[in-house]
Amino acid sequence: MIEVASLSYRAGPVPILHDIRLSLPAGGITALIGPNGAGKSSLLHCIAGLNRPAAGSVRIDGMDPFAVPDRTRARQVAILQQSPALASRLRVRELVAFGRWPHHGGRPGPEDAQATAAALAAFDLDALADRPLDTLSGGQRQRAMVAMAHAQATPWLLLDEPLNALDPRHARDLMARLHALSRPGPGARSVVVVLHDINAAAIWADRVVAMKAGHVIAADSAAKVLRPDLLEQVFDTAFEVVEHAGRRLVMTL
């Protein structure tokens, strides 16, 4: 479980997050939604131990991410940030293999090669494994970065807007893969993902955290959060939520 208690965060003099109180159970997909500037990415970075809060605390399965060595934290939680800087001539296989660094510390073994191969297969990257990153489309590069985070083999996988640069087909495919990875079973991951696509949250997320202006407005099952009245409060625009083919669809009015 991730527990966030009375957390506030400032970027220099600017307050970003205000008294965040949140419990995220292990398993499944939790989507963070909200308008631009709501604090979604800042909260994700605080949970990952990258943004030190001005007040309050974070616990990941009881671990304080700010009180342990980087490698210890990196074996518990993997985070994919938006647009990380990458060497353009790096090959896909080499990028994905970087996810194993917390485990081998620069001396990879057979287990690391197996984990890299499994991550390439899990995200349908085998045919691209030997391609340099600068020969890939934006969507292919994004899949490779998610595969790198997956190869880290952590219980928790935090993804900041992973659908950026993905067309509808590949966005659906990535969410389906994340959904499958988060189901109970051997190697299951707990996924926390920042999404701007509310319908992706409606279709794939088990839980939704709705944020606005640095506050958590609601945190519950997707069905309970993705309601027209609550979405209007969060986004300041009218919504309609309908059922189609057994799925909830969210539309602006």
Side-chain angles (χ1 to χ4, degrees), residues 1-9 11 15-51 53-61 65 76-82 146 149 154-164 171 174-175 178-179 181-183 189-237 239 241 248-250 252:
M1 173 176 284
I2 290 177
E3 297 176 282
V4 180
S6 303
L7 184 144
S8 297
Y9 171 70
I16 304 296
L17 300 173
H18 310 277
D19 195 26
I20 303 293
R21 302 164 189 257
L22 194 60
S23 293
L24 304 179
I29 295 178
T30 299
L32 306 184
I33 67 168
N36 293 336
K40 305 179 296 296
S41 296
S42 294
L43 176 58
L44 201 74
H45 284 68
C46 286
I47 291 172
L50 301 182
N51 284 351
S57 64
V58 176
R59 295 293 183 271
I60 305 171
D61 296 332
Q76 188 70 15
V77 58
I79 181 168
L80 176 62
Q81 305 179 62
Q82 293 183 47
V146 175
T154 54
W156 290 90
L157 185 59
L158 312 185
L159 306 173
D160 193 358
E161 298 190 31
L163 303 188
N164 280 357
L174 177 57
M175 290 305 300
L178 293 174
H179 186 267
L181 287 172
S182 69
R183 297 308 94 185
R189 312 293 175 87
S190 301
V191 178
V192 183
V193 55
V194 174
L195 293 175
H196 277 294
D197 185 340
I198 302 175
N199 279 307
I203 293 169
W204 300 109
D206 301 284
R207 295 169 297 276
V208 173
V209 177
M211 299 183 65
K212 182 178 183 180
H215 297 272
V216 171
I217 304 301
D220 211 322
S221 68
K224 291 182 178 178
V225 174
L226 299 179
R227 307 189 325 258
D229 59 327
L230 200 151
L231 290 171
E232 182 171 356
Q233 178 187 353
V234 170
F235 290 97
D236 295 318
T237 192
F239 286 85
V241 180
R248 299 170 69 85
L249 297 177
V250 180
T252 55

So [Y] and [X], do their side chains get closer than 4.5 Å, heavy atoms only?
X	Y	answer
L17	L7	yes
L157	L178	yes
M175	L195	yes
V234	I33	no
I217	Q233	yes
L174	P162	yes
M1	R59	no
N36	H196	yes

Problem set entry | Positive for side-chain contact (heavy atoms from CB on, under 4.5 Å) with L249, one of N199, L226, V241 | N199
State the [atom1]-[atom2] distance between [X] and [Y], to the nearest 0.5 angstrom.
X	Y	atom1	atom2	answer
D229	F239	CG	CZ	11.5 Å
L44	L50	CG	CG	8.5 Å
L158	Q81	CG	CD	10.5 Å
L43	N51	CG	CG	9.5 Å
T30	I2	OG1	CD1	8.0 Å

Do you know the tightest heavy-atom contact between [X] and [Y]?
X	Y	result
V77	A48	CG1-O, 4.3 Å
A78	A149	CB-O, 3.7 Å
G39	I16	CA-CG2, 4.4 Å
F235	P35	CE2-N, 3.5 Å
A213	H18	O-CD2, 3.4 Å
I29	S182	CG1-OG, 3.6 Å

For this session: Check step by step if side chain to side chain contact (heavy atoms under 4.5 Å, CB included) holds for R248 and I203.
Result: CA-CA 7 Å; R248 299 170 69 85; I203 293 169; over 6 Å; no
Seminar exercise, completed: Residue pairs meeting side chain to side chain donor-acceptor pair (under 3.5 Å), one or both in residues 209-221, sequence neighbours left out, come to K212-D236
Using atom types as modelled and distance alone, determine if a side-chain donor or acceptor of [X] lies under 3.5 Å from a backbone N or O of [Y].
X	Y	value
R183	H179	yes
S190	W156	no
K40	G34	yes

For this session: Verify whether one side chain among D160 and S41 offers a donor that lies under 3.5 Å from an acceptor in the other.
Result: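 S41 and D160 do have a side-chain donor-acceptor pair below 3.5 Å.
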Problem set entry | Verdict with supporting geometry, V4 and I47, side chain to side chain contact (heavy atoms under 4.5 Å, CB included) | CA-CA 8 Å; V4 180; I47 291 172; 4.1 Å; yes
For this session: Might you work through the side chain to side chain contact (heavy atoms under 4.5 Å, CB included) test for V225 and L231, ending with a clear yes or no?
Result: CA-CA 8 Å; V225 174; L231 290 171; 5.7 Å; no
Exercise. Is the shortest side-chain N to carboxylate O distance from D19 to R21 below 4.0 Å?
Worked result: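 Yes, this pair counts.
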For this session: Under the side chain to side chain contact (heavy atoms under 4.5 Å, CB included) rule, collect the residues that match up with A5, sequence neighbours excluded.
Result: S57
For this session: List the steps, then state whether side chain to side chain contact (heavy atoms under 4.5 Å, CB included) holds for L24 with V209.
Result: CA-CA 9 Å; L24 304 179; V209 177; 4.0 Å; yes
